[in-house]
Amino acid sequence: MSGTGKKKTPLVAEKRFSSTSGSKAAPKKQAKAPKKKRAPRAKRPAPKGVLGWIARITRFFMRVIWGVTWRIGAVVVLVVAGAVGYFYTTLPEDVSALLDARTRGSVTMLDRDGKVYAWRGETYGGKITVDKISPHLQNAIIATEDKRFYRHFGVSPRGIASAIAINLREGRGPLSGHGGSTLTQQTAKLLCLGIPYDEAAWESEAAYESDCRETTLWRKIKEMIYSMALETRYTKDEVLAIYLNRAYLGASSRGFAAASQRYFGIPAKDLSPAQAAMLAGLLVAPTRYAPTSDLERSQARAATVLKLMQEQGYITAAERQQATDNPATLSQAAQARAGGYFADWVMDTGPDFLTKDTTEDVVLKTTLDQRIQKAAEEAMKVVFETKVREGSAAQAAVVVMSADGAVRAMVGGRQTKVTGAFNRATMAKRQTGSSFKPFVYAAALDLGYTPNATVVDEPLTINVPGSGPYSPKNYDRKFHGRVTLTDALAHSYNIPAVKVSEAVGRENVRNIAEDFGIESDLAAGPALALGASESSLLEMTGAYAGILNGGTSVTPYGILELRLKGDDEPLMGQGGGLGERVITEEAARYLVYMMSQTIEAGTGQRADIGRPAAGKTGTTSAARDAWFLGFTADYVAGVWMGYDDNTPLTGVTGGGLPADIWREVMVRVNEGLPVHELPMLVPQRAQPQVSQAEPPQQTAREQTEAERRAAERARRQAEREAARQERQQRRRQNGDVAERILEDVLRGLLGGNN
């Protein structure tokens with residue numbers, strides 16, 4: 001760039017086109033003898049007759065044509081000069097005003113350790129100039145896109161003629177295919193010939209950019225004139241700087257600074273010849289050649305760029321061979337592409353004007369743990385490769401979180417390296433089956449029963465008003481007589497679960513499930529106890545986290561902090577976490593014990609990971625959904641498996657493949673962590689039976705305690721219900737005034753951007 005006051009060492013691209021004057025003075029030439037004057041030639045007599053007449057007419061028309069031609073040429077030159085002058089006046093004096101003209105901002109996502117793992121929006125790496133990039137990058141761009149860049153005046157007639165000839169030879173129109181555009185013309189196209197994006201005039205920014213790229217004869221003429229204006233207003237390096245900052249290079253990267261960070265995790269000034277060649281190779285088709293889409297294809301394209309660089313003298317044959325033998329590879333973060341589903345979910349949970357619709361560059365620090373995310377992805381892949389038949393369309397989802405609701409990993413389907421895909425962990429609402437049963441027993445434990453209370457597993461028929469008789473059956477089609485609540489849950493007996501639900505009250509069960517975070521509409525009949533209601537995997541995993549943490553509800557969250565890029569003060573903090581107590585800590589610890597027996601001796605034995613763990617299987621009618629949810633002392637994990645179209649699974653239950661996936665996930669998640677005991681309470685003595693026909697018999701002290709807990713629970717529920725109704729009424733009356741005020745405040749902090 002000019003104006004620095006320092007003499008800049010010319011780059012190869014500049015040296016090649018500088019004057020070639022020698023350092024030594026040229027020897028003086030000897031004086032030549034004066035030339036002898038030649039005698040004037042005698043004029044050839046004009047032809048006579050018909051030939052003379054034709055000659056005179058030809059000379060006349062030639063003089064007319066020449067007179068008209070030079071006058072038309074002069075007019076064209078004047079018109080072009082005027083057009084160039086007009087465009088010249090529209091260009092800002094300071095070229096930096098043209099370097100970043102994005103209408104949307106970017107979102108950079110950091111994991112719990114502050115490392116970048118995902119980007120959304122148009123990522124921009126900051127303004128760069130020619131003196132702030134690797135010379136290899138400058139040379140690679142010129143060798144690939146415009147080898148005469150430092151010699152032409154914005155338009156290359158030779159390049160245009162060559163492109164037209166190639167297009168005609170290949171059977172295309174003169175303007176189809178090869179365009180012969182110079183780097184300056186490409187820059188003019190990136191600037192859309194000086195027409196800024198107007199939200200009101202265009203359907204979308206994509207439509208605007210598509211129009212800017214349209215190639216017609218008239219637009220090509222305007223592009224040439226605008227290019228000459230650019231060359232008149234700015235230096236070559238300044239024109240190149242505009243191109244460096246505005247070019248799209250795939251994977252939502254705008255400009256070479258962003259692409260260098262996106263693909264290699266380094267600044268543009270540190271690019272090697274192989275890396276520079278790969279980035280320059282993207283210019284021909286950014287999406288097709290993006291290394292995150294197809295690394296081998298991108299490396300092959302880079303090899304072509306290296307060949308051009310050698311042919312034009314930018315690198316030696318040895319340097320080319322070295323770069324070809326050691327092609328550029330992606331950085332660890334770019335290669336992993338971890339947490340695509342998680343990143344999409346976080347974008348949906350944050351405020352739109354600071355995430356999906358942001359006009360600023362935003363940094364989101366999240367709860368993602370890349371080690372755990374990788375563990376979840378690998379576990380699912382291993383099970384599907386080794387235990388699921390080839391070609392199966394079955395899907396699965398995994399969520400791992402801490403006991404306070406901080407989501408550490410999320411896999412929304414078998415294709416893990418995706419963006420914007422259907423997320424089965426958060427978007428799919430599926431019947432929960434027996435994985436709902438812990439909330440039934442939580443209601444009983446909260447009313448004073450212990451895991452040793454008994455219930456009779458026997459034929460049962462309940463008359464449901466409006467539906468008729470309801471007769472639940474166990475999965476094994478057997479009856480098991482008197483069993484403890486622990487055994488009933490561990491072996492997932494259906495009849496005892498319905499009996500317990502009816503004895504403690506469906507409303508109590510429904511309230512506990514809702515308070516633990518299951519927000520879906522819950523069934524009203526006795527089938528509620530067997531998971532007839534629908535929920536998402538994220539909701540269910542969050543509800544199980546409430547059991548692990550001692551009975552307190554959680555709101556699953558992924559955002560720790562949101563701030564503008566370059567600012568130290570966050571605009572937004574943590575978006576969820578611990579809520580209100582749902583059941584007593586004693587009841588929660590009893591329930592943890594009961595669920596541990598599911599893995600030790602019940603339906604979840606395939607989930608045994610060799611350390612203390614608890615969980616619950618779940619299989620819906622016709623095996624359309626299979627679940628396994630559980631926890632160690634450190635992490636909670638949920639697994640769902642099924643078909644997107646609700647096709648029944650073949651030979652799959654919650655204690656089968658979902659338990660296998662859960663085991664593979666948790667073995668990897670807990671690898672290297674110390675073994676911690678579960679926060680559980682082991683019962684000491686047996687309790688009377690729980691029966692639909694007769695209420696449980698308790699001592700006076702136990703009955704008083706149960707009544708006290710029931711009254712306390714009813715009071716808490718009444719308070720929550722009153723608060724909920726008050727909030728709903730306030731929202732209806734005020735139209736979410738509080739949210740609008742918060743949004744206005746944040747917009748004010750952002751300088752009034754919409």
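The structure places CG of L560 at 6.0 Å from OG1 of T367, a figure rounded to the nearest 0.5 Å. Distance check, rounded to the nearest 0.5 Å: CZ of F87 to CG of L230 gives 10.0 Å. We find the CZ-CG distance between F256 and L137 to be 5.5 Å, quoted to the nearest 0.5 Å. Once rounded to the nearest 0.5 Å, the distance linking OG of S272 with NE2 of H136 reads 7.5 Å. Summarising the geometry, atom CG belonging to L183 is positioned 7.5 Å from atom CD1 belonging to I141; distances are rounded to the nearest 0.5 Å. Taken from CD in Q310 to OG1 in T316, the straight-line distance is 7.5 Å, to the nearest 0.5 Å.
We find that D344 and R120 are joined by a salt bridge, their nearest charged nitrogen and carboxylate oxygen being less than 4.0 Å apart. The pair E223-R219 does not meet the salt-bridge criterion, since no charged nitrogen lies less than 4.0 angstrom from a carboxylate oxygen.
Of the possible donor and acceptor atoms, one in the side chain of Q312 sits under 3.5 Å from a partner among the backbone N and O of A143. When atom types are taken as modelled, the side chain of R424 and the backbone of G412 share a donor-acceptor pair closer than 3.5 angstrom. Of the possible polar contacts, none joining the T366 side chain to the I559 backbone as a donor-acceptor pair under 3.5 Å is found. Although no hydrogens or angles enter the test, the distance criterion places no donor-acceptor pair under 3.5 Å between the side chain of T129 and the main chain of A241. At distances below 3.5 Å, at least one donor-acceptor pair connects side-chain atoms of Q299 with backbone N or O atoms of A328. Judged by distance alone, the side chain of D113 and the main-chain N or O of D369 form no donor-acceptor pair under 3.5 Å. In this structure a side-chain-to-backbone donor-acceptor pair under 3.5 Å is missing from R246 to L191. In this structure, N423 contributes its side chain and M427 its backbone to no donor-acceptor pair below 3.5 Å. A donor-acceptor contact shorter than 3.5 Å is absent between the side chain of T324 and the backbone of A303.
Here the side chains of T426 and M410 are in contact, with some heavy-atom distance below 4.5 Å. Between L271 and L279, the closest side-chain pair of non-hydrogen atoms falls below 4.5 Å. Taking the side chain as every heavy atom from C-beta outward, Y314 and L306 never approach each other to under 4.5 Å. Residues Y234 and T187 have side chains not in contact (no heavy-atom distance under 4.5 Å, counting atoms from C-beta outward). You'll find the side chain of Y243 reaches within 4.5 Å of the side chain of E145, heavy atoms only. Using a 4.5 Å heavy-atom cutoff, the side chains of R262 and L249 are not in contact. A 4.5 Å side-chain heavy-atom check between F153 and T184 finds every atom pair outside the cut-off. Contact check for R668 versus K374: no side-chain heavy atoms found under the 4.5 Å cut-off.
Screening Q370, Q373, R371, K365 for a side chain to side chain donor-acceptor pair (under 3.5 Å) involving D111 leaves a single residue, Q370.
Counting all heavy atoms, side chain and backbone alike, Y226 lies closest to A188 at CD2-CB, 3.6 Å. Nearest approach of S106 to D361, heavy atoms of both residues: OG-OD1, 2.8 Å. Among all heavy-atom pairs drawn from S260 and I266, the shortest one is OG-O, 2.6 Å. Residue L564 comes nearest to L571 through the heavy atom pair CG-CD1, 3.9 Å, listed as atom of the first residue, atom of the second, then distance. Between L308 and T144, the shortest heavy-atom distance links the atoms CD1-CA, 4.2 Å. Of all heavy-atom pairs between A421 and Y341, the closest is CB-CE2, 4.1 Å.
In the model, S298 has no side-chain atom that pairs as donor or acceptor with a side-chain atom of Y263 under 3.5 Å. With hydrogens and angles left out, the side-chain atoms of K220 and S181 include a donor and acceptor closer than 3.5 Å. Side-chain N/O atoms of D94 and S96 include a donor and acceptor closer than 3.5 Å.
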> Yes or no on side-chain contact (heavy atoms from CB on, under 4.5 Å) for F342 and M109, after CA distance, side-chain angles and deciding distance?
Replying inline: CA-CA 10 Å; F342 180 92; M109 298 190 192; 5.8 Å; no
>> Does R233 form a side-chain contact (heavy atoms from CB on, under 4.5 Å) with E238? I'd like the steps, not just the answer.
In response: CA-CA 9 Å; R233 169 64 83 174; E238 286 174 333; over 6 Å; no
>> L99 vs I242, test: side-chain contact (heavy atoms from CB on, under 4.5 Å). Steps then yes/no.
In response: CA-CA 5 Å; L99 300 186; I242 299 173; 4.1 Å; yes
>> L240 vs F149, test: side-chain contact (heavy atoms from CB on, under 4.5 Å). Steps then yes/no.
In response: CA-CA 9 Å; L240 184 56; F149 176 68; 4.2 Å; yes
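Environment of CD in Q415: sparse, with no more than 12 heavy atoms of neighbouring residues, nucleotides or ligands closer than 6.0 Å. Annotation: K132, atom NZ; neighbour count of heavy atoms from other residues, nucleotides and ligands within 6.0 Å does not exceed 12.
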